[in-house]
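Encoded as structure tokens, the structure appears first; notes follow it.
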Amino acid sequence: MRLRNIPGAKESLQQHPSIIIPNPSENKGNWKAVFGNDNPIHVEVGTGKGQFLIGMSKLHPNVNFIGIEKYDSVLVRALEQAKEEERPNLKFLNEDVEDILTFFEKAEIERIFINFTDPWPKNRHEKRRLTYKGFLDMYKQILVKNGEIHFKTDNQGLFEYSLESFSGYGMTLHHVSLDLHRSGMEGNVMTEYEQKFSRKGMRIYRCEAKFRA
Ligand code: SAM
């Protein structure tokens, strides 16, 4: 992904600690208290500019959402939108997904979304793909029993790789779609990348994968 450095981004994020949670490891095991309720928690890894989670948080007020994005110059765009109408069920972390086990306790999360993640097409970069088995190991630990991953991408190669990775891990696959926007799915919230690719007429692939107990 091409990244434009935005001067002052880090400082802007730090000025809004109710939306961009600082030191998330301090809340490990305690996220329900952060949100002030017992509602389920859904996490998006590689959240980008936040369009998906902002839309989801409006559509599902009884679910708590946390987006993880490692680049401050990207996350600051999510902050600009989120602070216009601050929602109690939406928080972001300016962190690397590699460290996800330090943010969440075992079985603290109900669902993980992975949307249009970088495909890392070279074999030697396989371990960086957010659907690589090393990441699945971590997701399984923080998800509840039978926790789910909901995955969308425009990239056929990454989709095929991820289906194999999920099923190779013993997960069950559900609602596999090779053309999401013609599948009749209701309640789909588009991400920034999804909007961009679908405007170009590209197909969107989607699936849900469930860990077995
Ligand atoms: N999910 C958004 C969408 O669908 O529009 C953004 C997609 S963009 C291609 C992928 C995003 O994931 C980038 O903003 C990138 O910085 C972020 N990302 C990739 N690897 C990450 C990691 N290990 N930890 C946190 N963010 C990551």
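Indexing begins at 1, ligand by ligand and atom by atom, following the structure's order. This is a predicted model, so every value here is computed, not measured.
The number of heavy atoms from other shown groups lying within 6.0 Å of NZ (K83) is above 12. At most 12 non-hydrogen atoms from other residues, nucleotides or ligands lie less than 6.0 angstrom from NZ of K133. When the shell of 6.0 Å around NZ of K49 is examined, it contains 12 or fewer heavy atoms from other residues, nucleotides or ligands.
Under a 4.0 Å heavy-atom criterion, E95 is in contact with ligand 1.
Considering backbone and side-chain N/O of T117, none are found under 3.5 Å from N/O of ligand 1. At a 3.5 angstrom cut-off on N or O pairs, E194 does not count as close to ligand 1. Between T191 and ligand 1, at least one pair of N/O atoms sits closer than 3.5 Å. Polar contact with ligand 1: present for E69 (N/O pair, distance under 3.5 Å). In terms of N/O distances under 3.5 Å, ligand 1 is not approached by F135. For ligand 1, the polar-atom distance check against F116 finds no nitrogen or oxygen pair separated by under 3.5 Å.
When non-hydrogen atoms are compared, ligand 1 lies under 4.0 Å from neither the backbone nor the side chain of V45.
Contact atoms of ligand 1 toward N115: 1 (N), 2 (C), 4 (O), 7 (C) (distance under 4.0 Å to a heavy atom of the residue). Near E44, the atoms of ligand 1 lying under 4.0 angstrom from a non-hydrogen atom of the residue are 1 (N). Listed by number with element, the atoms of ligand 1 under 4.0 angstrom from any heavy atom of Y71 are 16 (O).
Judged by distance alone, the side chains of N64 and K91 never bring a donor and an acceptor atom under 3.5 Å apart.
Annotation: cation-pi pair R206/F151 absent, no NZ/CZ under 6.0 Å from the ring centroid and within 45° of its normal. Judged by the 6.0 Å distance and 45° axis criteria, K196 is positioned over the aromatic ring of Y193.
The option with the heavy atom closest to atom 1 (N) of ligand 1, from among G46, G67, G48, is G46.
Between I204 atom CD1 and E194 atom CD the span is 5.5 Å, to the nearest 0.5 Å.
Here F211 and Y139 keep their ring centres 6.0 angstrom or further from each other.
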